[in-house]
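Note that the coordinates shown come from a computational prediction; the quantities given were computed from them, not determined experimentally. Both backbone and side-chain heavy atoms feed into the values below; hydrogens, waters and symmetry mates do not. Throughout, a chain's letter reflects where its sequence line sits, starting with A, and its residues are numbered from 1.
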Amino acid sequence: MLEAEFTKYRRDFEVRVSLQLGAAQSVGLFGASGAGKSTVLACIAGIEQPDDGHIDLGGLRLFPPSLSLYQRPVGYLTQEPSLFPHLSVGENVTFGVPKRGASHPERLSWIATLKDRLKLAPLWDASAARISGGQARRVALARMLARKPPLVLLDEPFAGLDRQLVRELIDDLIFWSKTIGFSMIVVDHQSDVLMRLCPESVIVLEQGQVVQRGAWSDICSAPATPLLRLLLAQL
Amino acid sequence: MIVSRRWVARLGAAAFALALLYPLSALFAHIGAWQWDAQVRGPALSSVRVSMLLTTVAMLIVVAIGTPVAAYIAHCKAEERLLWQAVLLIPILLPPLALGILFTLAFGPYGGVGRLLNHWGVAMTNSATAFVATQVYVGMGYFVLGAVAALDAVPPMLQKHAALLGLTPLKVFFRVTLPLARLGLAVALSIAWVRAVGEFGAVVVTAYYPSGMPVQLWVDLQSFGLPAVMPLLVIFLAVTLPLPWLAHVLAQRRSNA
């Protein structure tokens with residue numbers, strides 16, 4: 001489904017990665033801050049452009065040439081919820097959903113399901129600028145899922161949240177990934193997040209290079225480099 | 001001790017504000033009965049109509065041309081942006097009288113464009129067209145520079161998220177960028193409006209007729225003296241000051257929030 005092999009030259013080093021991801025599969029990216037994990041996601045999302053290589057998603061070429069952001073069937077969730085502050089919660093969730101078309105009733109029913117499952121009904125008419133950080137993450141998740149993207153990119157969306165909320169959001173993500181069948185690439189520093197969202201496949205990056213691949217439990221038990229061992233010891 | 005220092009500072013600031021607003025007290029100056037007879041009233045009301053109508057047309061042109069230009073500049077890299085900003089500064093920094101003379105020469109029978117316009121029957125001196133065109137020149141730089149700052153203040157990541165949610169660049173502009181920049185754009189427009197509607201130096205050269213408020217104020221001052229100026233001055237302040245003032249106060253409130 002996703003087949004990506006690309007290089008992105010940064011000022012300090014080059015990020016070189018190759019990724020193959022099937023439908024409804026997930027992979028984690030782990031490494032120290034500044035190792036290039038977010039760059040990988042930004043290149044797949046189209047926020048940044050690789051300098052070399054190719055990215056294909058389900059028969060659609062994302063790069064090269066670089067496909068416009070609005071044409072990419074990709075969900076992107078970041079640490080900052082980036083809600084549209086001039087809109088209500090409901091308007092944020094339905095922002096990317098076409099308002100017309102034959103499948104509109106179906107879309108409305110899907111939005112209602114999201115609203116119910118993510119407990120957004122009490123907030124629905126509130127201004128997105130006036131809700132709490134935790135609520136904003138739930139709204140951002142609903143907004144991303146409203147379009148049912150086949151690929152979801154998660155760039156530390158749980159950072160700074162309390163454990164209970166993280167657990168709930170992960171439960172929701174696992175539930176939706178089974179319901180919709182999307183694939184996931186997860187960047188996170190938290191072991192329990194990787195353990196739950198992508199236990200079978202994690203890629204470790206150091207200075208933009210892949211230094212280890214495998215199940216998260218294997219990586220934890222046999223880290224390939226001294227830096228990784230140090231990082232894991234700090235978890 | 002700290003409290004008393006703060007009060008001294010506050011009193012100082014209040015004195016500063018009073019000094020700043022002091023010229024407005026001249027509205028109550030003892031200059032005798034204000035003159036508002038037919039001789040003054042007719043041209044004064046006509047100048048209000050001219051200023052309001054033609055400045056509105058000028059501002060519509062400024063917004064229609066200036067907004068896409070500002071959107072383009074806001075997306076330029078630093079070097080190119082500096083170039084455009086330097087260009088926009090030229091009409092802003094030109095002394096108004098110099099701008100008026102240059103404008104008359106360039107768009108009059110001596111300029112290439114002027115000859116062409118004259119051939120098509122478009123008079124670029126002492127006409128409504130000349131009035132509007134001068135105001136567009138006077139206000140454009142202020143609007144575009146302010147609009148660039150307003151568009152810059154919209155977080156780029158919000159626009160990228162909107163695009164990733166399937167919106168084309170045009171839709172992102174209208175549904176995200178424009179609503180979030182609207183107050184800044186209103187402030188930019190209000191500055192352009194105040195600058196254009198109050199313009200005297202350039203307009204008096206390019207469009208003495210039809211007379212807008214500043215030119216009429218000057219004519220009244222020369223012909224009848226201060227009592228004849230005051231009614232039009234009050235109207236001038238009433239139609240130019242409140243809306244831009246409100247836009248600025250709202251913008252300040254938001255940036256202070």
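The 12-atom threshold is not exceeded at CH2 of B:W245, counting heavy atoms of other residues, nucleotides or ligands nearer than 6.0 Å. Counting heavy-atom neighbours within 6.0 Å of A:E14 CD, excluding the residue itself, gives a total above 12. By the 6.0 Å contact criterion, CG on B:L243 is open, its count of non-hydrogen atoms from other residues, nucleotides or ligands being 12 or less. When the shell of 6.0 Å around CH2 of A:W110 is examined, it contains more than 12 heavy atoms from other residues, nucleotides or ligands. Other residues, nucleotides and ligands contribute over 12 non-hydrogen atoms within 6.0 Å of the NZ atom of A:K99. Few gaps surround CZ on B:F173; more than 12 heavy atoms of other groups in view lie less than 6.0 Å from it.
Just one of B:H161, B:K160, B:Q159 meets the side-chain contact (heavy atoms from CB on, under 4.5 Å) condition when paired with A:S82; it is B:H161.
Residues of residues 41-76 of chain A that come within less than 4.5 angstrom of chain B, heavy atom to heavy atom, are A:A45, A:I47, A:L69, A:Y70, A:R72, A:V74, A:Y76 in numerical order. Residues of residues 145-158 of chain B lying within less than 4.5 angstrom of chain A, judged on heavy atoms, are B:M157, B:L158 in numerical order.
Atom CG of A:L87 and atom CZ of B:R175 lie 7.5 Å apart (nearest 0.5 Å). Atom CG of residue B:L178 and atom NE2 of residue A:H86 lie 9.5 Å apart, to the nearest 0.5 angstrom.
Among all heavy-atom pairs drawn from A:R147 and B:L165, the shortest one is NH1-O, 2.9 Å.
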